[in-house]
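Throughout, a chain's letter reflects where its sequence line sits, starting with A, and its residues are numbered from 1.
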Protein chains: 2
Amino acid sequence: MAITIRDVARRAQVSVATVSRALTTPDLVRAETRSRVLAAATELGYRPNRAARGLITGRTGNIGIVVPDLGDPVFTAVLKAAQARAAQADYAVFVAGGDEDPATEVKLVHAMAKQVDGVLVCAPASTDEQVAEAAGATSLVLLDRDLPGVPAALLDGAGGAEQVVDHLVALGHRRVAVLDGPRASWSNRQRRRGLAAARARHGVDLVDLGPFAPSYEGGTRAADLALAGDVTAIVAYDDIMASGVLARLRDRGVPVPGEMSVTGFGDLPYAELCSPPLTTVAVPLAAAGRTAVAMLLAGFDAQDADVPRVVLPTRLVVRSTTAPPPGPVRPRRDQP
Amino acid sequence: MAITIRDVARRAQVSVATVSRALTTPDLVRAETRSRVLAAATELGYRPNRAARGLITGRTGNIGIVVPDLGDPVFTAVLKAAQARAAQADYAVFVAGGDEDPATEVKLVHAMAKQVDGVLVCAPASTDEQVAEAAGATSLVLLDRDLPGVPAALLDGAGGAEQVVDHLVALGHRRVAVLDGPRASWSNRQRRRGLAAARARHGVDLVDLGPFAPSYEGGTRAADLALAGDVTAIVAYDDIMASGVLARLRDRGVPVPGEMSVTGFGDLPYAELCSPPLTTVAVPLAAAGRTAVAMLLAGFDAQDADVPRVVLPTRLVVRSTTAPPPGPVRPRRDQP
DNA sequence: CTGAAAGCGCTAACAA
DNA sequence: TTGTTAGCGCTTTCAG
């Protein structure tokens, strides 16, 4: 068996209670005793059993993270930042990835509930009811999903979408294709909201296409449809779809951005590596992960009943896939 | 407080011991009693506290995974598969990412040790001594790192490297640049071993360049050096470096594969998306993750003293970045 | 087949 | 300032 608090007590010639105190509430023990205990602990290589501690304190020192897909770079970016932030506070993190079933996410939360102090749930596809119910099982923070009463770290997808359209309009585009992604997600709804706002504001023609799979293949398929749509720009659902679009356009001999502008969403590492480098919306995934974890941790202590809800700003990154539309640039006429 | 075994016992009109048995060793309780208990448990939504159980059984039902970098798609691929495999066996997984310090990995193992039944350590950069010492703290399985006495799931990097050279030689290349990556890693040593073997076998000229950072920028830098080296092919350390090479060659107007062949290593998703699609070595990351977890789990039960060590095969995937060298193909002369 | 009781490693009153 | 004791939620002898 591993070494326990009792071994340390024996070696330091004190009771287990004193060892416990020396470790958790050092001020409550005489300096000399404390150092003796600490010395004994180090010599023995003692590491408290957090599970046992949790049993009595009700605090496990663990948090959980549930993501829709551990293979998706969007979520691993969040995970990385979240894990780092948690480690900073000496919290360990459980991770679980749902796969097919949207209800899985909720199950995962329940499965973790007893072993963690709280769970960060990323972009759950579950229904509001399911999420609310899961929130009953443990302390919850949502990421990229909004639900009244549950703390959330949100990404301003609407703002990002607006910036994209603003940019395209500024370049002179008047008719652009919008490639839709999976309909269900909250973030997609946000993005569409931003698109709608921009459309209203500028009076641009936004040609809705899709939905397409958020994949390279989805992008290649979408490109052909967009090409048939008499547009001068394509707003893809995300970077990966955009890369498919780019590839297909190249195959079909359509110069980008000369004949066609293309934008992505996410600014994943490879957006920069596309050729040409992709104009896209940078989404602060790492910041979101950090923030969400910070909210979770803060929620453990603070008992104020307010439900924090922070929206992280997105930012358009202009690279080389956007340019004025071909032909003579028609002067823009804004709505009166 | 959450609902405990006692609540279930009360509701089912039995003792807590019976509830425990009904849940863990169903055969030991009368069918009728069992169903009564199970019903009560379901009605109450009871979920046993695994930490408390672990305290007494010595089994936590958790495993840990330590990776060098949670942002690296190589490791998240492993993580995804490992997590899935663990979930299958109803194990939850802790995840931690080391960052700078190689010794961090060992610390992470120790930090997890008490909360898990075993840890999967991916490609640790620590010294043999450090790893061996960590293996003392808990049940360990290594991935992509070999150490006598510790079970390991290995990737056949040497074989992959040999396949690359075989392929290039078969195409007629006689002088190829090899871009080195971080020297320290075990997997890099393996790859170099494969290269050396192939060189000895074929008598090809292998021009060692580097080391370079395993990044896009590293690749662009490397490309220029390779170009100056009078070679007809470039073997990059990994896919990402290869994509940098590709980009730089395009910028410099060198047709691939017409004037220069390029290979990667890893077959990450975007290898296929490169333009042209990258010839590379497929590494069974998911299989490795699954296997490693399976080994870990198996090790918990079996008490045979043998130390499993499985080597997963890699496989060359020929796409469009390799072709015969330019100019008249000189007939190959193998060594006598 | 079932219950009573001990105890896993630890913390939190309560005394001393 | 320190030790004694109870007990967190659970499993596991040991009786019955």
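Contact between A/Glu105 and A/Ser126 at its shortest, heavy atoms only, is OE1-OG, 2.6 Å.
Across the protein-nucleic acid pair, A/Ile5 atom CD1 and C/dG7 atom C1' stand 16 Å apart, rounded to whole Å. Residue A/Leu23 contributes atom CG, which lies 7 Å from atom P of C/dT11 at whole-angstrom precision. At whole-Å resolution of the value, CD1 in A/Ile56 and C1' in D/dG7 are 7 Å apart. With rounding to whole Å, B/Gln115 atom CD is found 13 Å from C/dG9 atom C1'. The distance from atom CD1 of A/Ile3 to atom P of C/dG9 is 11 Å, rounded to the nearest whole Å. Distance, A/Asn49 CG to D/dC8 C1': 13 Å, rounded to whole Å.
The side chain to side chain contact (heavy atoms under 4.5 Å, CB included) search around B/Arg50 returns A/Gln115, B/Asp90, not counting sequence neighbours. Partners of A/Val307 by side chain to side chain contact (heavy atoms under 4.5 Å, CB included), not counting sequence neighbours, listed by chain and number: A/Pro151. The side-chain hydrogen bond (donor to acceptor under 3.5 Å, both in side chains) search around A/Arg145 returns A/Asp128, not counting sequence neighbours. Residues that satisfy the ring pair (Phe, Tyr, Trp, His ring centres under 6.0 Å) test with A/Phe75, not counting sequence neighbours, are absent from this structure. Residues meeting the side-chain hydrogen bond (donor to acceptor under 3.5 Å, both in side chains) test with A/Asp306, sequence neighbours left out: none. The side-chain hydrogen bond (donor to acceptor under 3.5 Å, both in side chains) search around A/Arg30 returns A/Glu32, not counting sequence neighbours. Listed by chain and residue number, B/Ser187, B/Asn188, B/Tyr237 satisfy the side chain to side chain contact (heavy atoms under 4.5 Å, CB included) test with B/Ser185 (two or more places apart in sequence, or in another chain). Take A/Tyr91 and apply the ring pair (Phe, Tyr, Trp, His ring centres under 6.0 Å) test, not counting sequence neighbours, and it matches A/Phe300.
A heavy atom lying under 4.0 Å from DNA chain C marks the following residues of residues 7-15 of chain B, by number: B/Val14, B/Ser15. Taken residue by residue, residues 26-38 of chain B places heavy atoms nearer than 4.0 Å to DNA chain C at B/Leu28, B/Val29, B/Arg30, B/Thr33.
When each of B/Lys114 and B/Thr18 is assigned the nucleotide of DNA chain C bearing its nearest heavy atom, the one mapping closer to the 5' terminus is B/Thr18. Between A/Ala17 and B/Leu55, the residue anchored nearer the 5' end of DNA chain D, judged by the nucleotide with its closest heavy atom, is A/Ala17.
Salt bridge status for B/Arg59 with B/Asp301: present, with a side-chain N to carboxylate O gap under 4.0 Å.
As judged by a 4.0 angstrom heavy-atom cut-off over every strand, B/Ser20 is placed among the base-contacting residues. When heavy atoms are screened at a 4.0 angstrom cut-off, B/Arg6 is found touching the sugar-phosphate backbone but no base atom.
Between D/dC14, C/dG9, D/dC10, one nucleotide has an atom nearer to the side chain of B/Arg21 than all others, and that is D/dC14.
Across its full length, the helix from C/dC1-D/dG16 to C/dA16-D/dT1 shows an angle of 40° between the axes of its 5 terminal pairs at either end, rounded to 10 degrees.
Note on residues 34-46 of chain B: pairs passing side chain to side chain donor-acceptor pair (under 3.5 Å), not counting sequence neighbours, are B/Arg11-B/Glu43.
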